[in-house]
There are 2 protein chains.
Amino acid sequence: MSTKPDDTTIAAWIGLSRAQRVATAGIEARLKAAGFPPLAWYDALWELERAGGEGLRPFELERALLFEQYNLSRLIDRLEKAGLVVRRACPNDKRGQVLAITPEGLKLRCEMWGVYAPAIEAAVGAKLDAEEAKVLAGLLAKLAITSA
Amino acid sequence: MSTKPDDTTIAAWIGLSRAQRVATAGIEARLKAAGFPPLAWYDALWELERAGGEGLRPFELERALLFEQYNLSRLIDRLEKAGLVVRRACPNDKRGQVLAITPEGLKLRCEMWGVYAPAIEAAVGAKLDAEEAKVLAGLLAKLAITSA
DNA sequence: CCTACTTAGATGCAACTGCATCAAATTCAC
DNA sequence: GTGAATTTGATGCAGTTGCATCTAAGTAGG
């Protein structure tokens, strides 16, 4: 390892960076224009919704979202203050807590999807055919694997 | 437009987001560990280096890097304070300025590449073969096109 | 020219992030 | 079991980003 990247690798890296910025900027702009909070809120709410009544420990959410610990801690503060999430004491581990989405959280998550979904379509779907999207998803999945 | 994305499109979007985070985190971590400033500094220095003696107007750099205007303005402040870049008055347009990289800037850009290059290889090159990298770069380029 | 409009760049303020560190609970090794 | 090491989550502080707005200079339209 630690060799030099070839030109195609560099092109892929730059493309990754730019494509993600363009797509994210477009999607975030639509959410903001519709008066919704940023994507990170959606992601957190969605994970909690998928987790169901069980809820999730903050550290689990942290790993699912690839968030820094301190960022997640403060995101939860904001979500809680907004009434979208509740922190409950964790029965097994007295250090910890269990997070659960509230009905308001469910509602917001759902409303956001109404804007988020067409935004994804515009930022990604409209620029690729079905086969391309499939290939892209596969290649990106390889990059996301953290070998460490 | 504004239709719903299909599952592959959603998978591509999520993959884009995660792959970029994983790759960027790895690369930034290596730069930081080597005592270097963040990637944004590299990008700005590299653009200015490519522009050569002509230099670049801030708004050109802004578009090249997809930076917000106020972020670029302050990034230039920091680069200038660090002696890596100089702001010169623009002869044609008295509102504006021309940016140029200094010898110190050239030196730092070059030293950073020594860490950045293997970091790209580790984050991207090592996870894809040559053909995959090529295909990925092509697909990502399509996403970066801003139709507006 | 003179007013209206646009463009280039800076900046005050609030929100957010990163870093370092902390306290408390749990786990591990002996 | 007891002390060391690890894990969970919070937080003070400094640095950065986002928003809104501002000034100055260029560009039109009459």
Side-chain angles (χ1 to χ4, degrees), chain A residues 20-21 24-44 47-48 55-82 84-100, chain B residues 20-21 24-44 47-48 51 55-82 85-100:
Chain A
Q20 190 271 349
R21 273 192 242 190
T24 302
I27 291 171
E28 291 271 19
R30 287 193 181 212
L31 286 173
K32 193 182 312 175
F36 288 126
L39 262 181
W41 287 40
Y42 182 92
D43 293 338
E47 284 300 325
L48 289 173
L56 281 179
R57 299 289 301 271
F59 73 89
E60 296 174 303
L61 194 50
E62 178 188 330
R63 284 159 202 176
L65 301 178
L66 305 179
F67 261 50
E68 299 294 329
Q69 183 269 321
Y70 47 82
N71 279 337
L72 181 62
S73 177
R74 284 163 171 147
L75 174 60
I76 296 168
D77 286 347
R78 286 171 232 142
L79 292 172
E80 190 180 38
K81 195 169 301 179
L84 304 169
V85 151
V86 285
R87 291 190 226 233
R88 292 186 302 226
C90 178
N92 311 336
D93 185 340
K94 286 176 186 170
R95 291 170 300 187
Q97 47 194 235
V98 178
L99 305 174
Chain B
Q20 189 271 349
R21 273 192 243 190
T24 301
I27 291 172
E28 291 271 19
R30 286 192 183 214
L31 286 173
K32 193 181 313 175
F36 287 126
L39 261 182
W41 288 40
Y42 182 92
D43 293 339
E47 283 300 325
L48 289 173
L56 280 180
R57 299 288 299 272
F59 73 89
E60 296 175 304
L61 194 50
E62 178 189 331
R63 284 157 203 178
L65 301 178
L66 304 178
F67 262 50
E68 298 295 330
Q69 183 270 320
Y70 46 83
N71 279 338
L72 180 61
S73 177
R74 289 192 261 231
L75 173 59
I76 297 168
D77 287 347
R78 286 171 231 141
L79 292 173
E80 189 179 38
K81 196 169 299 178
V85 151
V86 286
R87 289 191 226 234
R88 291 187 303 225
C90 177
N92 311 337
D93 186 340
K94 286 177 185 168
R95 292 170 299 186
Q97 47 194 238
V98 179
L99 306 174

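Convention: sequence-line order gives letters A, B, ...; per-chain numbering from 1. Every heavy atom of this structure was used, including side-chain atoms; hydrogens, water molecules and symmetry mates were not.
Atom CZ in A/R21 sits 8.0 Å away from atom CD in B/Q20 (nearest 0.5 Å). Note: B/R87 CZ to B/L99 CG = 7.0 Å, rounded to the nearest 0.5 Å. Atom CD of A/E80 is separated from atom CZ of A/R74 by 15.0 Å, given to the nearest 0.5 angstrom.
When only modelled atom types and interatomic distance are considered, A/T24 and A/E28 share no side-chain donor-acceptor pair under 3.5 Å.
Two residues, B/Y70 and B/R57, neighbour DNA chain C, and the one matched to the more 5' nucleotide by heavy-atom proximity is B/R57. Residues A/N92 and B/E62 both approach DNA chain C. Their nearest nucleotides, taken by heavy-atom distance, put B/E62 toward the 5′ side.
Screening A/L72, A/L61, A/D43 against A/F67 for a side-chain contact (heavy atoms from CB on, under 4.5 Å) leaves a single residue, A/L72.
Straight-line distance from the NZ atom of B/K81 to the P atom of C/dA10: 13 Å, rounded to whole Å. Atom-to-atom, CG of B/L72 to P of D/dG18 comes out at 13 Å; the value is rounded to the nearest Å. At whole-Å resolution of the value, NZ in A/K94 and P in C/dT27 are 12 Å apart. Summarising the geometry, the separation between CG on A/L66 and C1' on C/dT17 is reported as 16 Å, rounded to the nearest angstrom. Atom-to-atom, CZ of A/R78 to P of D/dT11 comes out at 13 Å; the value is rounded to the nearest Å. In this structure, the CG atom of B/D77 is 14 Å from the P atom of D/dG15, given to the nearest Å. Taking atom CG on B/L56 and atom P on C/dA8, their separation rounds to 14 Å, with Å as the unit. Rounded to whole angstrom, the span from the CZ atom of A/F67 across to the C1' atom of C/dC19 amounts to 18 Å.
A donor and an acceptor atom never sit less than 3.5 Å apart when one is taken from the side chain of A/R95 and the other from the base of C/dT26. Put simply, the side chain of B/R74 and the base of D/dG18 share a donor and an acceptor less than 3.5 Å apart. Donor-acceptor pairing under 3.5 Å, judged by distance alone, is absent between the side chain of B/Q97 and the base of C/dA8. With hydrogens and angles left out, the side chain of B/Q69 and the base of C/dA10 share a donor-acceptor pair within 3.5 Å.
Note on A/R87: a side-chain N or O is less than 4.0 Å away from OP1 or OP2 of D/dA10. For A/N71, a side-chain nitrogen or oxygen approaches OP1 or OP2 of C/dG18 to under 4.0 Å. When the side-chain nitrogen and oxygen atoms of A/S73 are compared with OP1 and OP2 of D/dG9, none of them lie within a distance under 4.0 Å. Regarding contacts with the backbone of C/dC19, a side-chain N or O of B/K32 is found under 4.0 angstrom from either OP1 or OP2.
Residue contacts shown for A/D93 are limited to sugar-phosphate atoms, with no base heavy atom under 4.0 Å away.
With distances taken from any side-chain atom of B/F59 to the nucleotides C/dA25, C/dC19, C/dA8, the minimum falls on C/dA8.
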